[in-house]
4 protein chains.
Amino acid sequence: MIELAENRYGKSRVRLMKVQHGPDGNELREWMVQVLLTGDFASAHYEGDNSKILPTDTMKNTVYYVARRSSANSMEEYAMELIDFLLERNPQVSSARVRVEAAMWKRLTIAGKSHPTSFMRGSNEVQTATVSRHQKGRFELSSGLENLVIMKTADSGFEGYINDQLTTLKETSDRLFCTELEAEWRYTTEAADFNALRSTIRETMLATFADHKSKSVQETEYAMGRAALESVDLIDQIDLAMPNKHCLLVDLSRFGEENPNEIFVPTDEPAGQIEARVRRRA
Amino acid sequence: MIELAENRYGKSRVRLMKVQHGPDGNELREWMVQVLLTGDFASAHYEGDNSKILPTDTMKNTVYYVARRSSANSMEEYAMELIDFLLERNPQVSSARVRVEAAMWKRLTIAGKSHPTSFMRGSNEVQTATVSRHQKGRFELSSGLENLVIMKTADSGFEGYINDQLTTLKETSDRLFCTELEAEWRYTTEAADFNALRSTIRETMLATFADHKSKSVQETEYAMGRAALESVDLIDQIDLAMPNKHCLLVDLSRFGEENPNEIFVPTDEPAGQIEARVRRRA
Amino acid sequence: MIELAENRYGKSRVRLMKVQHGPDGNELREWMVQVLLTGDFASAHYEGDNSKILPTDTMKNTVYYVARRSSANSMEEYAMELIDFLLERNPQVSSARVRVEAAMWKRLTIAGKSHPTSFMRGSNEVQTATVSRHQKGRFELSSGLENLVIMKTADSGFEGYINDQLTTLKETSDRLFCTELEAEWRYTTEAADFNALRSTIRETMLATFADHKSKSVQETEYAMGRAALESVDLIDQIDLAMPNKHCLLVDLSRFGEENPNEIFVPTDEPAGQIEARVRRRA
Amino acid sequence: MIELAENRYGKSRVRLMKVQHGPDGNELREWMVQVLLTGDFASAHYEGDNSKILPTDTMKNTVYYVARRSSANSMEEYAMELIDFLLERNPQVSSARVRVEAAMWKRLTIAGKSHPTSFMRGSNEVQTATVSRHQKGRFELSSGLENLVIMKTADSGFEGYINDQLTTLKETSDRLFCTELEAEWRYTTEAADFNALRSTIRETMLATFADHKSKSVQETEYAMGRAALESVDLIDQIDLAMPNKHCLLVDLSRFGEENPNEIFVPTDEPAGQIEARVRRRA
């Protein structure tokens with residue numbers, strides 16, 4: 001006997017630009033929204049019965065409709081509103097999950113002053129919020145960031161590791177340490193100033209990265225996770241992934257030149273991948 | 001108290017081109033390998049103690065070394081050899097996971113004949129194998145494919161769905177159905193002709209897709225998963241993800257022209273996302 | 001005095017999927033169209049006078065409208081129709097240029113037979129046609145292809161080059177030769193079976209690549225261009241760009257293993273870039 | 001008779017990270033370098049004679065070697081040094097062209113202060129310098145930027161354009177204006193403070209963009225080019241390309257909601273493409 005074990009469906013990559021017009025200028029937000037629903041959809045899979053299917057096209061419309069009516073100040077609050085809207089109108093849905101990814105936009109600085117209505121795209125760093133809820137259940141909120149590329153040009157070494165038959169890496173007390181940070185932390189509350197907490201967590205991680213005397217990616221990653229948890233009481237767990245984006249020292253001795261940690265080749269692949277979950281012990 | 005809850009690390013995007021020289025021509029394989037190790041690495045995170053750390057650079061070397069010595073005929077067998085090599089030499093590692101992604105290369109056809117030593121890159125379709133094992137445990141093998149973009153220009157409709165205040169989608173008994181198939185199936189064995197099974201599963205899914213009278217992506221997806229399980233006894237579960245890559249009918253009536261399902265705009269975003277796990281009931 | 005020296009504008013990335021319904025199945029074409037107009041648009045730049053500006057949004061509509069009405073069998077013919085349509089209705093336009101890029105779709109083969117209505121995305125190879133015309137002038141047609149990744153695993157060497165203080169490359173009579181072919185040829189006619197000529201030129205270049213005893217990318221590139229010109233009288237010039245996508249032999253001697261041209265690392269950067277224009281002497 | 005009409009070759013995508021160690025911290029530069037040589041290489045194409053070929057691998061080494069020895073303060077000066085090095089040692093080369101693209105890195109700000117040795121990747125904006133020289137000739141220098149995504153949320157309209165049978169665009173006096181600026185300006189000198197000039201030109205263009213009352217992309221583009229030329233005497237020409245990255249107002253009236261320029265869908269394709277060359281009249 002063959003059966004449907006699990007299923008979910010929804011709409012991905014719903015892009016949204018929201019302009020808020022104020023007396024002193026505009027605010028600009030660019031979001032990419034994903035909606036995923038789980039529920040009583042077996043008859044659609046087994047029999048092609050669409051009577052319980054909310055079209056993903058309608059989800060797209062809902063994303064825009066709720067965004068227009070929303071007065072949420074954060075992605076997290078907007079995601080909760082969107083989930084409430086969907087669960088209330090769709091009893092056949094047992095749980096909904098919304099993920100919002102925010103792109104970076106910065107106000108243009110013209111002649112030393114912030115311009116009220118002109119903006120510039122920032123880095124590829126993405127702010128994320130992932131919220132889910134079962135019918136009549138509590139919200140589960142996790143927020144995070146991705147694609148934050150950071151580099152230490154000092155205070156990073158890697159020594160004392162296993163040296164075996166296939167080892168070719170040289171030990172060093174001074175290397176470049178470049179990573180593309182991905183982090184996601186879990187909230188223990190449904191109501192908070194999520195933007196302020198995000199800012200605190202992000203800045204704490206960056207400060208730890210910048211000042212750490214790093215013996216390995218592993219050690220710095222744990223220190224960053226620990227610092228995040230120490231800085232904000234309302235999170236109980238943080239996942240970090242820090243691919244090691246290698247910058248290889250160019251061997252110029254073949255050409256009679258020294259290379260005192262000055263000229264490197266940045267490489268995209270292969271990349272080390274270092275992952276950790278740090279949590280508050282129960 | 002803050003603690004490390006989980007951790008793993010490894011090397012990603014280790015690319016490998018293997019040329020096998022035979023009397024009648026060469027064989028060409030391009031693989032991207034990822035190695036991830038879990039184990040007793042807490043002291044690295046807590047204290048910067050690297051004494052149990054196998055550098056990811058050494059993993060890269062190991063990927064090449066094992067590839068050279070291997071006589072495996074499949075990605076799955078190669079992944080098992082690589083895991084064995086790593087677990088045997090690294091008792092501090094509790095489990096290893098290897099993922100191999102194979103790119104498509106096709107032999108050039110020149111004047112109607114396969115050329116023995118010249119090749120062309122195929123589509124972006126990727127064949128995958130993900131294998132893991134705990135020290136002294138059994139191998140767990142899953143294989144799959146990704147980025148297989150397929151299109152039905154007939155026998156696809158979408159009708160009878162929920163119609164509410166935010167519905168704007170028109171019902172249709174004749175639409176384009178384009179998806180980028182991602183599938184992963186789980187083996188119940190450690191020893192099989194994995195290449196032959198992969199081929200059977202892939203062809204079965206494609207045949208089902210082509211011939212299905214589709215009432216929804218959901219229905220076709222389940223039919224494909226069911227057919228895969230029916231075609232190969234040695235798998236017990238398959239996960240499918242089928243984003244709906246929409247092709248929108250252009251409204252030419254504004255210009256006095258009919259458009260009888262002939263001119264469409266393909267769009268990349270937003271995309272429907274339909275996921276299902278189909279399994280053999282225990 | 002500052003002035004506008006040149007200007008042109010248009011619409012890029014207009015995507016189009018055309019399904020032709022026939023008694024024995026459907027034909028599927030996916031095109032990306034770009035339209036660029038040059039003309040008397042200085043007042044728009046100088047004064048914001050839009051009275052001579054055909055909106056790019058209208059160009060997009062025109063792409064679809066002409067595609068629906070067209071019975072062209074080739075991208076080249078469609079591009080000429082589109083240019084005629086635009087030049088005729090817009091006397092302020094002095095010249096128009098249309099570029100069409102066609103994506104690869106292949107019919108699915110099910111149980112050994114071509115399926116009439118189901119398709120699979122092919123490789124990233126793109127077929128191109130670039131057509132331009134001045135008001136009352138003749139059409140200028142160039143066609144080509146891009147992103148055709150090909151590999152020779154035999155009959156390729158590179159020896160006898162300049163050896164100076166900064167040389168580290170080893171000479172070899174046996175290497176992998178991988179490139180991403182870009183070619184564009186110029187037609188001397190406005191009327192031909194462009195699809196057939198394209199096919200001949202493409203196959204001739206591939207056959208030359210496969211069978212050439214290559215002493216360098218330069219030599220093979222010229223041989224391919226020459227063969228293309230010899231195969232089709234109706235072209236008088238071909239531009240080729242062949243980046244050398246290096247596959248580096250892995251040094252396994254450090255680990256006590258030989259590597260007889262078997263295990264390579266494919267790399268994306270840096271890449272050699274070899275360009276040539278080959279023509280029929282006047 | 002078939003012949004080689006033109007040829008050039010070189011190395012693309014040579015990536016380089018340069019760390020300069022100072023008493024108050026480090027400077028970090030990431031460059032992507034391309035070298036292209038033109039010269040007496042016909043025998044390589046015709047006969048596979050490599051005796052005049054400087055391998056592209058050696059060019060890569062040269063990029064690193066010259067970067068190490070260079071004390072250039074700008075990409076432009078470095079490019080000139082690299083060209084001199086290559087032309088001097090290779091009399092068979094008639095001209096060399098070097099293009100440098102610089103990625104954005106910013107110093108991390110920790111607790112309100114610039115960190116001396118830690119950095120963050122900025123936006124995808126790229127600074128470019130393209131320099132070429134014939135043997136014994138003068139340098140020709142052009143610099144520019146690419147991928148600078150900017151947005152006006154006020155002071156942008158588009159009205160009074162041609163309205164024909166295929167027009168569907170609505171006139172508006174208030175729209176979002178988003179573009180991905182590409183610009184390249186030509187220097188009339190070989191010696192200048194290129195970094196300072198670049199900064200002036202870039203800031204002038206941004207200020208013009210921000211403050212312009214825009215009647216069209218065309219008008220704003222010309223104003224930006226004109227302002228750049230007026231701000232720096234040492235350039236005589238600037239090319240601008242400004243794709244119109246459309247943000248479409250969502251029609252919420254279908255759902256009983258107004259949308260007073262608040263909720264937009266950003267789209268990647270199709271895109272308007274507006275190009276202009278602005279110059280100082282001779």
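Worth saying up front: this structure is predicted, and the values here are computed from it rather than measured. Labels below follow one simple rule: chain letters A, B, ... track the order of the sequence lines, proteins then strands, and each chain is numbered from 1.
When side chains are defined from C-beta on, C:Thr130 counts as touching C:Arg97, because their heavy atoms get closer than 4.5 Å. Side-chain contact between D:Leu82 and D:Val33 is present, with at least one heavy-atom pair separated by less than 4.5 Å. Side-chain atoms of C:Tyr222 and D:Ile2, non-hydrogen and from C-beta on, do get closer than 4.5 Å to each other. With contacts defined as side-chain heavy-atom distances shorter than 4.5 Å, the pair D:Ile162/D:Thr167 does not qualify. D:Leu86 is listed as a side-chain neighbour of D:Val35, based on a closest heavy-atom distance under 4.5 Å. By the 4.5 Å heavy-atom criterion applied to side chains, C:Phe41 and D:Gln218 are not counted as neighbours. A heavy-atom distance below 4.5 Å is found between the side chains of D:Leu169 and D:Phe158. Within the 4.5 Å cutoff, no side-chain heavy atoms of D:Val14 are placed close to those of D:Trp31.
A donor and an acceptor atom, one from each side chain of C:Ser70 and C:Glu81, are located under 3.5 Å apart. No hydrogens or angles considered: nothing links the side chains of D:Thr128 and D:Glu101 as a donor-acceptor pair under 3.5 Å.
Of all the listed residues (D:Asp164, D:Leu166, D:Asn7), the one sharing the greatest number of non-hydrogen pairs under 4.5 Å with chain C is D:Leu166. The choice from C:Thr220, C:Asn163, C:Leu36, C:Thr168 that makes the most heavy-atom pairs within less than 4.5 Å of chain D is C:Thr168. Taking chain D as the reference chain and counting heavy-atom pairs below 4.5 Å, the highest number among C:Ser43, C:Pro270, C:Ser214, C:Ala276 is found for C:Pro270. Options D:Lys213, D:His45, D:Met32, D:Glu269 differ in how many heavy-atom pairs under 4.5 Å they form with chain C, and the most are formed by D:His45. Among the candidates C:Ala271, C:Gly160, C:Ser216, the residue making the largest number of heavy-atom pairs closer than 4.5 Å to chain D is C:Ala271. Counting heavy-atom pairs closer than 4.5 Å to chain D, the top-ranked of the candidates C:Glu47, C:Arg8, C:Glu159, C:Met1 is C:Arg8.
Pairs engaging residues 215-226 of chain C under the salt bridge (Lys or Arg N to Asp or Glu O under 4.0 Å) rule: C:Arg226-C:Glu230 [sequence neighbours left out].
Close approach to chain D, defined as a heavy atom under 4.5 Å from one of its heavy atoms, is seen in C:His246 of residues 237-248 of chain C, taken by number. Interface residues of residues 172-180 of chain C toward chain D, defined by a heavy-atom distance below 4.5 Å: none. By a heavy-atom distance cut of under 4.5 Å, C:Asn50, C:Ser51, C:Lys52, C:Ile53, C:Leu54, C:Pro55, C:Thr56, C:Asp57, C:Thr58, C:Lys60, C:Asn61, C:Thr62, C:Tyr65 are the residues of residues 49-67 of chain C near chain D, going up by number.
Atom CZ of D:Arg13 sits about 7.5 Å away from atom CG of C:Asp268, to the nearest 0.5 Å.
A salt bridge links D:Arg99 with D:Glu146; the closest basic N to acidic carboxylate O contact falls under 4.0 Å.
One N or O on the side chain of C:Tyr161 and one on the backbone of C:Glu171 form a donor-acceptor pair closer than 3.5 Å.
Using a 4.5 Å cut-off between heavy atoms, D:Gln92 contacts chain C through its side chain alone, with no backbone atom that close. If you measure heavy-atom distances from D:Asn90 to chain C, the contacts under 4.5 Å come from the side chain alone. The part of C:Arg15 that comes within reach of chain D is its side chain, from C-beta onward, which places non-hydrogen atoms under 4.5 angstrom from that chain.
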Before giving the answer on side chain to side chain contact (heavy atoms under 4.5 Å, CB included), spell out for C:Arg69 and C:Phe85 the whole-Å C-alpha distance, their side-chain angles and the decisive distance to 0.1 Å. CA-CA 11 Å; C:Arg69 295 168 62 100; C:Phe85 188 98; 5.7 Å; no

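No option in D:Arg280, D:Arg279, D:Arg277, D:Arg186 other than D:Arg186 meets the salt bridge (Lys or Arg N to Asp or Glu O under 4.0 Å) test with D:Asp236.
Here the shortest heavy-atom pairing between D:Ala96 and D:Leu37 reads CB-CD2, 3.7 Å.
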